[in-house]
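Below is one structure, written out as structure tokens, with a few remarks after it.
This chain uses plain numbering: 1 for the first residue, then up along the sequence.
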Amino acid sequence: MKSQNNYDFRRELLTVHEPNLRDFERVPQLHELWLAEGAHIRIAADECAVISVAAEDFCDYLSVSMGVSAAVVTDGKGSVTVRLAKDAGVDLGEFAAYKGFRIETSADGITVTAHDERGAQQALYYIEDLMNFAGAPCLAYGKIEKRAMYTPQMVHSAYDIDERGLPSSARRSNSRAEIPLFPRALPPAGGHVPTGRFCWI
């Protein structure tokens with residue numbers, strides 16, 4: 001059994017995206033859209049912080065997990081377009097609910113239309129999951145609509161305060177300076193926690 005130092009588990013918990021998940025032997029299918037090198041994730045120029053962070057997070061996912069470079073843009077054509085239903089004048093029907101979203105994929109690209117900013121965030125996470133299952137930066141043509149089954153309540157058990165009881169040498173090796181409590185690019189309000197998925201209907 002591999003030995004671990006105190007709080008080594010924090011490194012795993014704070015790994016936002018697993019590297020090198022792409023299966024390079026997988027080839028494109030006729031019914032799939034593939035995101036190519038230099039993909040653009042388009043959002044509104046005045047987009048809120050939650051969607052902006054989620055778009056940057058998706059770019060990081062494509063780079064780290066799928067080996068595809070991507071950038072967030074606010075004009076021009078996007079490989080992936082993220083928008084709110086109220087801004088696009090789209091009726092999401094029964095999916096016009098908290099964290100509700102619609103993902104439409106065609107040869108022209110992927111369009112995410114969300115009821116609210118959290119829905120847009122969760123839609124991008126959902127696309128990440130689908131790409132993980134596929135082992136490639138691709139999405140099948142078609143329409144996906146989801147909304148949260150329930151609004152979860154969470155209880156967080158802090159561990160950072162426990163460092164007060166550690167020897168000074170252990171505190172130095174597991175300090176905030178070395179391992180931030182939250183990833184630098186992802187603030188708590190909009191951060192992507194890998195285990196923070198939701199149940200969808």
Handout entry: Minimum-distance pair of heavy atoms, taken over all atoms of V112 and A120
Key = CG1-CA, 4.5 Å
Practice task
For F58, enumerate each residue passing the ring pair (Phe, Tyr, Trp, His ring centres under 6.0 Å) test, keeping only those at least two apart in sequence or located in another chain.
Solution key: none
Handout entry: Smallest separation among heavy atoms of A85 and T113, with atom names
Key = CA-CG2, 3.7 Å
Handout entry: Value rounded to 0.5 Å, distance of CD1 in I103 from NZ in K146
Key = 9.0 Å
Return a table of donor-acceptor pairs under 3.5 angstrom between the side chains of residues 29-39 and protein atoms on other chains or two or more places apart.
{"from": "Q29", "atom 1": "NE2", "to": "V27", "atom 2": "O", "distance (Å)": "3.2"}
{"from": "E32", "atom 1": "OE1", "to": "R26", "atom 2": "NH1", "distance (Å)": "3.1"}
{"from": "E32", "atom 1": "OE1", "to": "Q29", "atom 2": "N", "distance (Å)": "3.1"}
{"from": "E32", "atom 1": "OE1", "to": "W34", "atom 2": "NE1", "distance (Å)": "3.1"}
{"from": "E32", "atom 1": "OE2", "to": "R26", "atom 2": "NH1", "distance (Å)": "3.4"}
{"from": "E32", "atom 1": "OE2", "to": "R26", "atom 2": "NH2", "distance (Å)": "2.7"}
{"from": "E37", "atom 1": "OE1", "to": "S69", "atom 2": "N", "distance (Å)": "3.4"}
{"from": "E37", "atom 1": "OE2", "to": "S69", "atom 2": "OG", "distance (Å)": "2.7"}

Practice task
Would you please test L21 and M131 for side chain to side chain contact (heavy atoms under 4.5 Å, CB included) and show each step?
Solution key: CA-CA 9 Å; L21 295 180; M131 290 183 174; over 6 Å; no
Problem - Close side-chain approach of K77 to D108, heavy-atom, < 4.5 Å - result: yes
Problem - Taking every non-hydrogen atom, the tightest pair across A97 and R147 - result: CB-CD, 4.1 Å
Handout entry: Derivation and outcome, side chain to side chain contact (heavy atoms under 4.5 Å, CB included), residues D57 and E128
Key = CA-CA 10 Å; D57 172 89; E128 290 181 18; 2.9 Å; yes
Handout entry: Nearest atoms (heavy-atom pairs only) where F101 meets G119
Key = CD2-O, 3.5 Å
Practice task
For S65 and E18, indicate whether the former's side chain and the latter's backbone hold a donor-acceptor pair under 3.5 Å.
Solution key: yes
Practice task
Show the numbers, then the answer: is there a side chain to side chain donor-acceptor pair (under 3.5 Å) between Y126 and Q122?
Solution key: CA-CA 6 Å; Y126 194 81; Q122 292 299 320; over 6 Å; no
Exercise for the section: Kindly indicate whether the side chain of R83, heavy atoms from C-beta on, has any atom under 4.5 Å from the side chain of V90. Expected result: yes
Exercise for the section: Decide, yes or no, whether a salt bridge links R102 with E145 under the criterion of side-chain N to carboxylate O below 4.0 Å. Expected result: yes
Problem - Rounded distance [0.5 Å steps], CG in L130 versus SG in C138 - result: 9.5 Å
Handout entry: Between NE2 on residue H115 and CZ on residue F95, distance to nearest 0.5 Å
Key = 13.0 Å
Practice task
Look up atom CD1 in I43 and atom OG1 in T74, then write down how far apart they are to the nearest 0.5 Å.
Solution key: 7.5 Å
Problem - Spacing of OG belonging to S106 relative to CG belonging to L139, to within rounding of 0.5 Å - result: 11.0 Å
Problem - More than 12 heavy atoms from other groups under 6.0 Å of CG on D23 - result: yes
Problem - I51: which of L124, V72, L84, D116 passes side-chain contact (heavy atoms from CB on, under 4.5 Å) - result: L84
Exercise for the section: Could you tell me which non-hydrogen atom of E117 sits nearest to which non-hydrogen atom of C48, and how far apart they are? Expected result: CB-SG, 3.6 Å
Practice task
Identify whether L14 and V64 are in the same connected component of the hydrophobic contact network (ILVMFWY, side-chain heavy atoms under 4.5 Å).
Solution key: no
Practice task
Quick one: sort the H17 and Y61 rings into parallel, tilted or perpendicular, breaks at 30° and 60°.
Solution key: perpendicular
Exercise for the section: Mark yes when over 12 heavy atoms from residues, nucleotides or ligands other than F133 sit less than 6.0 Å from its CZ; otherwise mark no. Expected result: no
Completion exercise
To the nearest 0.5 Å, atom CZ of R42 lies from atom CG of D75 at 6.5 Å
Problem - Shortest non-hydrogen separation from A114 to L92 and the atoms involved - result: C-CD1, 3.8 Å
